[in-house]
Student: 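Following this message is one structure expressed as structure tokens.
All of these numbers come straight from a predicted model, not from anything done at the bench. In this chain, residues are counted from 1 in sequence order. These values consider heavy atoms only, across backbone and side chains, with no hydrogens, waters or symmetry-generated copies.
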Amino acid sequence: MNQPGKKFLWGLAPVIAISLFAVGCTSGGSQPGNAGEAPAGAGTKEPTAEQPAKPELKPYEINMVIIGNESADIPRVAEEISKITKEKINATVKLQPISFGAWAQQVNLMLASNEKIDLISTSSLLGYTTQAASGHLLPLDELLAEHGPGITGLLDPAYLNAGKINGIQYAIPTNKDMATQGGILMRKDLLDKYKIDVNQIRTIDDLDAVFETIKDNEPSLIPIATMTTATPVDMLAFYDPLQDRMGILQEDSAEFKVENLYELPQYAELLDKMHEWYRAGYFSKDAATSTEQPYDVVKANRAFSFFNVIKVGSAESQSIRTGMEMVAVPLTDAMSATSHVTNFMHSIPRGSEDPERAMMFMDLLYTDKEIVNLLNWGIEGEHYVKVSDSVIDYPEGVDVKSVGYNMNNSSFMFGNQFLNYVWPTQLPDIWVQTDRFNKNAKKSKALGFTFDATPVRTEVGAVTNVIEQFKIGLETGTLDPERTLPEFISRLKASGIDKVIEEKQKQLNAWAGAQK
């Protein structure tokens with residue numbers, strides 16, 4: 001098999017990124033965030049720009065709508081943040097959490113009703129382009145130039161531009177890991193037991209012998225645990241998905257050629273490998289329908305490994321999730337694509353009554369360490385205690401279940417994650433390593449391009465239905481690709497995927513021309 005492996009461009013499409021809410025968005029550790037001494041260098045240095053005091057400004061309350069569950073002490077944390085913002089921009093802050101499950105319906109209703117929202121979490125995963133196209137989000141270019149010096153001085157322009165649609169800035173990406181790669185996490189106890197050298201694993205073909213060993217010697221274990229929201233094939237992507245995989249860009253596409261992923265030989269080869277593994281018993285029989293999270297299956301001592309995104313601290317993070325020491329082995333290059341940069345952003349809705357003040361506060365989320373850590377962890381001495389200048393832990397007698405303020409592993413959603421404190425379970429130099437990870441990652445040639453599906457929304461809906469019908473079965477090996485892949489492709493074409501690709505090509509060409 002001609003293994004895609006190291007040469008292919010990794011892009012995190014929505015189906016993968018959504019799964020991160022379950023599999024772990026953070027770069028490492030059980031606590032929701034990663035910090036450490038931020039290294040010097042573009043995009044990760046601790047910013048020095050701050051909003052000057054604005055005594056001439058009238059008092060104003062900023063309503064910040066965020067993804068998260070209600071916590072008892074949210075009003076108290078907002079009050080502590082307000083003490084800082086009142087002094088700096090003469091504004092108080094209200095935090096309004098909405099659960100992930102209720103987010104889409106509730107937020108769309110709020111935006112359509114033009115409710116007073118000053119700052120909102122937006123994402124390419126959650127309808128950001130539709131929200132912008134519907135006029136619900138304000139253009140930020142002038143606001144950013146006038147009131148966002150900390151943001152513009154911090155973010156790499158390539159990442160900042162990813163928040164633009166048709167050349168207009170509608171959102172600001174959070175400053176976090178800006179790239180990702182695919183790989184596999186495996187139990188260290190079994191790797192040691194059978195003397196498996198992970199340094200010899202460079203492609204998925206190298207995993208054949210590993211899974212065979214586990215299957216033959218550990219009959220009670222599933223060699224590979226899977227999930228329906230992100231398949232092993234998703235984790236081995238060899239392209240920039242251009243947001244939705246309905247037309248992708250390969251790394252070696254010199255002319256920005258948009259192609260049908262499902263017709264590519266590399267995709268067929270991956271499906272053949274999945275079917276081979278399924279027939280060998282490396283997946284569970286219900287791989288295409290199981291709703292269990294892979295880390296839970298490993299935690300229950302029913303599985304050996306699972307495919308996942310690999311980032312700095314992934315092994316540590318998943319070791320805590322599974323309760324077993326895990327080893328992370330990357331199988332693709334680290335790559336940065338628009339869909340990963342834009343999976344967590346901040347926007348200012350049209351319902352804001354003071355967009356200038358909202359942008360001033362947004363700028364503080366990227367520059368003010370005290371505000372960022374209040375938003376992420378709560379009040380020092382109550383919700384956490386300092387172990388050192390940069391390391392924090394829960395107070396005695398308090399844990400993740402009993403703490404009065406808990407943003408549910410979502411610190412990657414807020415401003416500048418490089419300002420976060422470190423938890424003892426995390427790598428002490430995680431931000432130094434993440435900085436290196438970001439800088440060494442390849443950037444997609446289409447980084448910053450955002451597809452507007454409005455002209456082909458009917459076709460996108462029809463194609464989506466076909467993908468939902470075939471994709472999981474094929475990519476977990478349950479369906480025989482020799483018989484099913486041609487039908488899948490035929491149904492995609494009948495549903496209009498060629499028209500979607502044509503429209504995407506047109507928009508990509510226009511975007512590429514504007515970059516020259």
Side-chain angles (χ1 to χ4, degrees), residues 1-5 8 10-11 13-16 18-19 182 184 203-205 207-208 211-212 215 222-239 241-250 258-292 294 305-308 331-332 456 458-501 504:
M1 173 178 171
N2 181 17
Q3 162 62 19
F8 296 143
W10 166 252
V15 65
I16 301 177
I18 289 175
S19 73
I184 188 168
T203 72
I204 61 170
D205 289 329
L207 290 168
D208 290 345
F211 296 146
E212 183 179 7
K215 176 69 175 174
I222 304 165
I224 314 165
T226 60
M227 59 182 166
T228 57
T229 52
T231 69
V233 173
D234 288 327
M235 302 304 175
L236 297 168
F238 52 91
Y239 49 82
L242 301 177
Q243 281 80 66
D244 57 14
R245 283 193 173 87
M246 299 181 201
I248 58 90
L249 182 69
Q250 295 200 67
V258 180
E259 299 179 88
N260 185 343
L261 165 65
Y262 306 106
E263 289 187 297
L264 294 177
Q266 299 98 314
Y267 181 74
E269 290 167 3
L270 284 170
L271 295 188
D272 287 341
K273 176 60 72 174
M274 297 303 111
H275 191 53
E276 175 188 326
W277 285 352
Y278 182 82
R279 285 186 295 136
Y282 300 160
F283 294 126
S284 67
K285 293 297 183 183
D286 64 347
T289 57
S290 174
T291 58
E292 288 186 285
S305 70
F306 56 93
F307 285 84
N308 199 25
L331 295 167
T332 70
V456 286
T458 300
E459 289 78 10
V460 166
V463 169
T464 298
N465 290 336
V466 175
I467 290 174
E468 289 177 350
Q469 182 179 348
F470 286 89
K471 179 180 182 294
I472 300 301
L474 282 167
E475 295 185 6
T476 58
T478 308
L479 299 175
D480 183 351
E482 186 175 350
R483 290 185 298 178
T484 311
L485 181 57
E487 181 185 356
F488 181 29
I489 294 171
S490 176
R491 293 279 300 277
L492 287 171
K493 288 183 174 297
S495 298
I497 194 170
D498 290 336
K499 186 175 180 180
V500 176
I501 291 172
K504 186 174 287 188

Student: Please name all residues satisfying ring pair (Phe, Tyr, Trp, His ring centres under 6.0 Å) with Phe283, sequence neighbours left out, ordered by chain then number.
Tutor: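 Here no residue qualifies.
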Student: Dump the intermediate steps for side chain to side chain contact (heavy atoms under 4.5 Å, CB included) on Gln250 and Gln266, then the final yes or no.
Tutor: CA-CA 11 Å; Gln250 295 200 67; Gln266 299 98 314; 2.9 Å; yes
Student: Going through the distances and angles, do Leu264 and Tyr239 end up as a side chain to side chain contact (heavy atoms under 4.5 Å, CB included)?
Tutor: CA-CA 11 Å; Leu264 294 177; Tyr239 49 82; 5.9 Å; no
Student: Does any non-hydrogen side-chain atom of Ile501 lie less than 4.5 Å from one of Glu259?
Tutor: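 Result no, sub-4.5 Å side-chain heavy-atom pair not found.
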Student: For the residue pair Ile472 and Thr231, establish whether any side-chain heavy-atom pair is separated by less than 4.5 Å.
Tutor: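 A side-chain contact under 4.5 Å exists here.
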Student: For Arg245 and Tyr262: C-alpha separation, side-chain torsions, deciding distance, then whether side chain to side chain donor-acceptor pair (under 3.5 Å) applies.
Tutor: CA-CA 9 Å; Arg245 283 193 173 87; Tyr262 306 106; 5.3 Å; no
Student: So Asp234 and Met227, do their side chains get closer than 4.5 Å, heavy atoms only?
Tutor: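 A side-chain contact under 4.5 Å is absent here.
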Student: Side chain to side chain contact (heavy atoms under 4.5 Å, CB included) with Phe470: which residues, sequence neighbours excluded?
Tutor: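 Here the qualifying residues are Val466, Leu474, Thr484, Glu487, Phe488, Arg491.
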Student: Is it true that a side-chain atom of Ser490 and a backbone atom of Pro486 form a donor plus acceptor pair closer than 3.5 Å?
Tutor: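 No, Ser490 side chain to Pro486 backbone: no donor-acceptor pair under 3.5 Å.
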Student: If you take all heavy atoms of Ala288 and Thr478, which pair is closest and at what distance?
Tutor: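 Distance-wise, the nearest heavy atoms are CB-OG1, 3.7 Å.
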Student: State, with a plain yes or no, whether a side-chain heavy atom of Leu492 is found less than 4.5 Å away from one of Ile467.
Tutor: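 Yes, at least one pair of side-chain atoms sits under 4.5 Å.
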Student: Would you give the length of the straight line joining atom CD1 of Ile204 to atom CD1 of Ile184, rounded to the nearest 0.5 angstrom?
Tutor: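 Answer rounded to 0.5 Å: 10.0 Å.
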Student: Output the distance between atom CD (Gln469) and atom OG1 (Thr464), rounded to the nearest 0.5 Å.
Tutor: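 It is 13.0 Å, given to the nearest 0.5 Å.
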Student: Hey, what do you get for NE2 (His275) to CZ (Arg483), rounding to the nearest 0.5 Å?
Tutor: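 His275 NE2 to Arg483 CZ: 7.0 Å, rounded to 0.5 Å.
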Student: Within this structure, what is the CD-OG1 distance for the pair Glu475 and Thr226, rounded to the nearest 0.5 Å?
Tutor: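 Answer for the CD-OG1 pair, Glu475 versus Thr226, is 11.5 Å.
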Student: Search all heavy atoms of Gly281 against all heavy atoms of Pro223 and return the closest pair with its distance.
Tutor: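 Taking every non-hydrogen atom into account, O-CD, 3.7 Å.
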Student: Write out all pairs satisfying salt bridge (Lys or Arg N to Asp or Glu O under 4.0 Å) with one or both partners inside residues 274-285, taking only residues at least two apart or from two chains.
Tutor: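 Output for this query lists Lys273-Glu276.
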Student: Applying side chain to side chain contact (heavy atoms under 4.5 Å, CB included), run through Tyr278 and Ile224 and close with a yes or a no.
Tutor: CA-CA 10 Å; Tyr278 182 82; Ile224 314 165; over 6 Å; no
Student: Under a 4.5 Å cut-off applied to non-hydrogen side-chain atoms, are Phe307 and Leu331 in contact?
Tutor: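 Counting from C-beta outward, Phe307 and Leu331 do come under 4.5 Å.
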Student: Please answer whether the main-chain N or O of Met246 pairs with a side-chain N or O of Lys504 as donor and acceptor at a distance below 3.5 Å.
Tutor: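 Such a contact is found between Lys504 side chain and Met246 backbone.
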Student: Do you know which two heavy atoms are closest between Leu271 and Val233, and how far apart they sit?
Tutor: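 Scanning both residues completely, I find the closest heavy atoms to be CD2-CG2, 4.4 Å.
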Student: Applying side chain to side chain donor-acceptor pair (under 3.5 Å) between Trp277 and each of Asp208, Asp272, Thr476, report the one that passes.
Tutor: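 By the side chain to side chain donor-acceptor pair (under 3.5 Å) criterion, Trp277 pairs with just one of Asp208, Asp272, Thr476: Asp208.
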Student: Testing the basics here: between Ala237 and Thr332, what is the closest heavy-atom pair and its distance to 0.1 Å?
Tutor: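 Answer, listing the atom of Ala237 first, then Thr332: O-CG2, 4.1 Å.
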Student: Could you pull out the closest heavy-atom pair between Pro232 and Met274, with the gap in Å?
Tutor: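 In this case the closest contact between Pro232 and Met274 is CB-SD, 3.8 Å.
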Student: Can you name the closest pair of heavy atoms from Ile248 and Pro241 and give their distance?
Tutor: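 That closest heavy-atom pairing would be CG2-CA, 3.8 Å.
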